[in-house]
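One structure is given below, encoded as structure tokens.
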Amino acid sequence: MKKWLLSGFWFVCLLMLSPISAFAADTPLDKMEGYMKFDWGVIDDLSWGFKIYTMVMSIFIILLLVWLIVTIPVHIFKSLRAKAVFGDKAFWLRSAGIFIVLVLFMTTAYFSILKSLYNFTEKQKIGDTTVKTSMLVVPGVSTPWESPSTRV
């Protein structure tokens, strides 16, 4: 019961403060929006982290390429000596997956996908206060929210 009383107290306090903060010139919510909006400029300061990431990924790609170059001929050789099945589906799916990852990283397609995602999210105005609508406005047709004097 004590928990509900404390929660109820805070709820009543918020109800009392919400009309006051709604008509204030600089509301606390506006200040919070400024603090909570993600600043993409922070990523520019992390270039040293991307260099470390690039070095680690380069080593990882080289190791994957070596592993792929070694295991495929070994698997073929084992299948010729009848110690492994040539049609081992799990092996070929794993090898194909690794090959696709290698192609994505070596052709920088992975980074172009990340770049397009970054550009897409940069265009999104998450904290924007402007109202956007997808309604089609047809000349000569009135809408319910128009006053009679604004009709075409």
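All heavy atoms count here, side chains included; hydrogens, waters and symmetry mates do not. This is a predicted model, so every value here is computed, not measured.
Taking both residues in full, the closest heavy atoms of F105 and I61 are given as CB-CD1, 3.2 Å, listed atom of the first, atom of the second, then distance. A pairwise comparison of heavy atoms in F86 and H75 identifies O-NE2, 3.8 Å as the closest pair.
Residue L114 is grouped with residue V103 when hydrophobic side chains (ILVMFWY) are merged at heavy-atom distances under 4.5 angstrom, including chains of intermediate members. Cluster membership check: V74 does not share its hydrophobic cluster with I76, using side-chain heavy-atom separations under 4.5 Å among Ile, Leu, Val, Met, Phe, Trp and Tyr. W92 and F77 fall into different hydrophobic clusters, where Ile, Leu, Val, Met, Phe, Trp and Tyr residues are linked whenever their side-chain heavy atoms come under 4.5 Å apart, directly or through other members. Linking Ile, Leu, Val, Met, Phe, Trp and Tyr whenever their side-chain heavy atoms come within less than 4.5 Å puts I72 and I100 in one cluster.
Residues L68 and S95 are in side-chain contact: their nearest non-hydrogen atoms beyond the backbone lie under 4.5 Å apart. The shortest distance between side-chain heavy atoms of V85 and F91 does not fall below 4.5 Å.
Around the CE atom of M106, the shell of radius 6.0 Å holds no more than 12 heavy atoms that belong to other residues, nucleotides or ligands. Within 6.0 Å of the OH atom in Y53, the count of heavy atoms belonging to other residues, nucleotides or ligands exceeds 12.
Taking CE from M57 and CD1 from I52, the interatomic distance works out to 14.5 Å, rounded to the nearest 0.5 Å. Going from atom OG1 of T71 over to atom CD1 of I98 covers 7.0 Å, rounded to the nearest 0.5 Å.
Under the side chain to side chain contact (heavy atoms under 4.5 Å, CB included) rule, L65 has a single partner from I62, I69, L63, which is I69.
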